[in-house]
Amino acid sequence: MKKSRSKRRSACPIANSLDILGDRWSLVIIRDLMFRGKREYGELLDSEEGVSTSVLAARLEHLQCAGIVTKTGHPDDLKKFRYHLTEKGIDLLPLMIELVLWGTQYVPNTSAPPEILKAMKKDREEFMRRVKQELKKGLPA
């Protein structure tokens with residue numbers, strides 16, 4: 001596994017966060033792990049946005065190097081792996097919620113499941129608590 005770049009352009013937290021998350025695919029992968037329960041490479045590859053295998057592999061490695069995603073052996077197939085958000089990845093939940101809410105409000109022809117939007121808008125703290133609880137259940141020991 002490659003080491004992530006240590007040379008930074010500046011001390012700006014936004015610029016440095018974008019160096020990790022600011023490509024076309026990282027937040028989509030995080031979305032699938034966070035909200036859609038995807039755990040296997042094939043499930044992540046089957047994203048409606050159509051990520052290529054080489055890009056998915058590179059992004060997963062990048063997110064692992066950044067400490068956002070972890071890869072573990074599959075319990076039923078030694079040739080496969082499962083992917084999980086780490087605590088650091090789970091801590092992106094408030095950002096992801098705000099992106100969903102902003103996008104559904106301001107970007108034409110976007111949508112999210114109505115029950116999820118309703119829960120996010122009604123009580124964000126409770127929604128975050130429930131999602132974090134589910135994600136932490138899936139963390140490897």
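Predicted model, so just to flag it, every value in this text is computed and none were measured. We're numbering straight along the sequence, starting at 1.
- Summarising the geometry of S26 relative to H62, their closest heavy-atom pair is OG-CD2, 4.4 Å, with the distance given to 0.1 Å.
- Here CG of L85 is found 6.0 Å from CD1 of I90. Values are rounded to the nearest 0.5 Å.
- Between the side chain of R39 and the backbone N or O of L33, at least one donor-acceptor pair lies under 3.5 Å.
- Between the T104 side chain and the L101 main chain, a donor and an acceptor come within less than 3.5 Å of each other.
- Under a 4.0 Å N-O distance rule, the pair E134/R129 does not qualify as a salt bridge.
- In this structure, R124 pairs ionically with E98, as a charged nitrogen and a carboxylate oxygen lie closer than 4.0 Å.
- With values rounded to the nearest 0.5 angstrom, K121 atom NZ is found 13.0 Å from I97 atom CD1.
- The CG atom of D32 lies 9.5 Å from the CG atom of L56; values are rounded to the nearest 0.5 Å.
- Taken from CD1 in I29 to CG in L60, the straight-line distance is 5.0 Å, to the nearest 0.5 Å.
- Salt bridge K136/E87: present, at least one basic N to carboxylate O contact under 4.0 Å.
- One hydrophobic cluster, built from ILVMFWY side chains closer than 4.5 Å, cannot hold both W25 and L18; they sit in different ones.
- One N or O on the side chain of N16 and one on the backbone of S10 form a donor-acceptor pair closer than 3.5 Å.
- Scored by the side-chain contact (heavy atoms from CB on, under 4.5 Å) test, A57 finds Y41 as partners (sequence neighbours excluded).
- When every heavy atom of A112 is checked against every heavy atom of V100, the shortest pair comes out as CB-CG1, 4.1 Å.
- No cation-pi contact links K71 to Y83, judged by a cut-off of 6.0 Å to the six-membered ring centre and 45° from its axis.
- The pair R31-E49 counts as a salt bridge, with a side-chain nitrogen and a carboxylate oxygen less than 4.0 angstrom apart.
- Hydrophobic clustering (ILVMFWY, side-chain heavy atoms < 4.5 Å, transitive): W102 and M120 are in distinct clusters.
- Judged by distance alone, the side chain of T70 and the main-chain N or O of H84 form no donor-acceptor pair under 3.5 Å.
- For the pair V28/V51, no side-chain contact is recorded, criterion being any heavy-atom separation below 4.5 Å from C-beta on.
- For the pair I68 and L21, the minimum side-chain heavy-atom distance is below 4.5 Å.
- In this structure, CZ on R130 lies 11.0 Å from CG on L93, to the nearest 0.5 angstrom.
- When each of E40, K80, R82 is paired with H74, the side chain to side chain donor-acceptor pair (under 3.5 Å) condition holds for E40 and for no other.
- Residues K132 and D91 have side chains in contact (heavy-atom distance under 4.5 Å, counting atoms from C-beta outward).
- Between A15 and R9, the shortest heavy-atom contact is O-NH2, 3.3 Å.
- Atoms CD1 and CZ, from I30 and F35 in turn, are 10.5 Å apart once rounded to the nearest 0.5 Å.
- Here the closest heavy-atom approach between residue G37 and residue E43 is recorded as O-OE1, 4.4 Å.
- Between K122 and F127 the shortest side-chain heavy-atom distance does not fall below 4.5 Å.
- A salt bridge is absent between D46 and K38: the closest approach of a Lys/Arg side-chain nitrogen to an acidic carboxylate oxygen does not fall below 4.0 angstrom.
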